[in-house]
Structure formats: C-alpha cells, structure tokens
Amino acid sequence: MPLSENEQRLLEQIERALVEDDPKFASAVRSTDPRTYLLRRVRRSAGVFLLGLVVLVVGVVLNQVPLTVILGILGFLMMLFAALRGAADLRRISGRETAGRPGGRGRGKTRPRAKAPFMERVEERWRRRWEDRP
C-alpha cells in the first residue's frame with residue numbers, strides 16, 4: 001500500500017534528521033544491500049546442513065543404540081531446519097514468492113474483488129473527513 005503525501009513528507013523529514021544527526025550511520029544504511037544479509041543466511045544454512053549431516057553420520061557410525069537414535073534425530077532435524085530456512089532465503093533473494101500468497105504468508109488462492117478493499121475505503125473516508133472541514 002503506497003504512503004499518503006503526508007506520510008511521505010514525514011518520512012523524508014525523518015530521513016533528513018537522521019542524515020543531519022548521524023551521517024556516517026545514514027550512509028552505512030543506504031549502502032547496504034538486503035541481499036547481503038540473505039546470502040549470509042544461506043551460507044549459514046548450508047553450514048548448519050553440513051553440520052547436521054556430520055552429526056547424523058557420527059550417530060550412524062556409533063554402535064550405542066540410545067546415542068545413535070538421539071544423534072540421528074538431532075542431525076536430521078538440523079538438516080531439515082537448515083534446508084527449509086535456506087530455501088526460504090533463496091526464494092526471497094530471487095524475488096519469487098509462492099503463487100497466490102504475497103509475502104508467502106497468505107493461504108489459498110486470492111479471489112478477485114469487485115470493490116475496493118476495506119482498508120482503502122476506510123482511508124478514503126478518513127481523507128474526505130479532513131477535506132470537508134473548513
């Protein structure tokens with residue numbers, strides 16, 4: 001949802017105040033790319049996956065039944081967690097989201113709407129309310 005003109009003005013004022021207050025921090029924030037953090041998370045996920053694989057193999061090599069089961073389950077869960085997290089981060093890096101689920105959060109298919117969404121109607125009423133006053 002796009003910002004209103006008033007919200008855009010407020011955001012620009014906040015940005016200007018940040019640049020005036022701490023220009024070094026502002027330039028650091030501007031220069032960072034969100035993909036850098038996602039790539040770092042993908043690398044960590046790959047490392048956790050390999051660590052889980054090592055734990056799983058160590059559990060299989062040991063011949064002590066309770067320890068083998070515990071290490072096997074732990075290694076599998078580590079690998080599963082790392083694979084799911086890494087896949088989600090890779091999907092975010094590529095810009096692809098699950099079809100019909102913006103942001104990957106919604107459920108099911110979205111249906112076409114004949115009228116404006118509820119929040120847009122409320123915002124329009126709010127704007128009209130302030131425009132009608134003298």
Side-chain angles (χ1 to χ4, degrees):
M1 176 169 61
L3 298 175
S4 68
E5 291 179 24
N6 186 32
E7 291 170 332
Q8 288 177 350
R9 253 185 279 122
L10 286 172
L11 184 60
E12 289 171 2
Q13 288 175 355
I14 292 170
E15 288 175 356
R16 273 189 251 118
L18 176 65
V19 169
E20 291 171 3
D21 188 42
D22 195 355
K24 186 177 179 181
F25 175 72
S27 66
V29 169
R30 257 193 226 126
S31 66
T32 57
D33 183 18
R35 289 180 176 220
T36 304
Y37 299 111
L38 289 174
L39 286 172
R40 189 176 301 148
R41 285 180 58 161
V42 168
R43 287 188 199 111
R44 285 183 192 150
S45 295
V48 170
F49 186 87
L50 292 175
L51 182 64
L53 183 64
V54 168
V55 169
L56 183 69
V57 169
V58 167
V60 169
V61 169
L62 295 176
N63 287 331
Q64 300 173 352
V65 176
L67 188 60
T68 299
V69 172
I70 292 171
L71 288 178
I73 291 172
L74 180 66
F76 173 76
L77 289 176
M78 288 173 66
M79 291 169 58
L80 180 65
F81 171 75
L84 291 175
R85 182 177 166 185
D89 290 336
L90 283 173
R91 190 178 309 120
R92 287 178 63 192
I93 287 173
S94 68
R96 293 184 314 162
E97 296 293 336
T98 306
R101 298 190 319 168
R105 299 273 188 242
R107 299 253 182 230
K109 293 184 179 182
T110 58
R111 62 178 187 206
R113 295 184 181 208
K115 56 184 180 179
F118 174 74
M119 287 307 295
E120 288 182 17
R121 292 187 311 228
V122 170
E123 288 176 5
E124 183 60 33
R125 287 181 194 155
W126 183 259
R127 282 189 215 108
R128 276 188 269 138
R129 176 179 172 228
W130 291 106
E131 290 173 0
D132 292 342
R133 291 188 178 210

Same cluster for Val60 and Leu53 if Ile/Leu/Val/Met/Phe/Trp/Tyr side chains link at under 4.5 Å? no

Any side chain to side chain donor-acceptor pair (under 3.5 Å) pairs touching residues 38-59, not counting sequence neighbours? Arg41-Asp89

Could you state the interatomic distance from CG (Leu74) to CG (Leu67), rounded to the nearest 0.5 Å? 10.5 Å

If Ile, Leu, Val, Met, Phe, Trp and Tyr residues are connected whenever their side-chain heavy atoms lie under 4.5 Å apart, and connections chain through other members, are Val57 and Leu50 in the same group? no

Would you say that Glu12 contacts Arg16 through its side chain, given a criterion of any heavy-atom pair below 4.5 Å between the two side chains? yes

Taking atom CG of Leu10 and atom CD of Gln8, what is their separation to the nearest 0.5 Å? 10.5 Å

Consider only side-chain heavy atoms of I, L, V, M, F, W and Y, link residues closer than 4.5 Å, and tell whether Phe81 and Val42 are in one cluster. no

Value rounded to 0.5 Å, distance of OH in Tyr37 from CD1 in Ile93: 13.5 Å

Determine whether more than 12 heavy atoms belonging to other residues, nucleotides or ligands lie under 6.0 Å from atom CD of Glu5. no

Would you compute the distance between atom CG of Leu71 and atom CE of Met78 and round it to the nearest 0.5 angstrom? 10.5 Å

Identify whether Phe76 and Val55 are in the same connected component of the hydrophobic contact network (ILVMFWY, side-chain heavy atoms under 4.5 Å). no

Hey, could you give me the CG/CG distance between Asn6 and Leu11, rounded to the nearest 0.5 Å? 11.5 Å

Non-neighbouring partners of Glu124 that pass side chain to side chain donor-acceptor pair (under 3.5 Å), sequence neighbours left out: Arg127

What residue pairs, at least two apart or across chains, pass side chain to side chain donor-acceptor pair (under 3.5 Å) with a residue in residues 50-75? none

Looking at Arg121, I'd like to know if its CZ atom is crowded, meaning that more than 12 non-hydrogen atoms belonging to other residues, nucleotides or ligands lie closer than 6.0 Å. yes

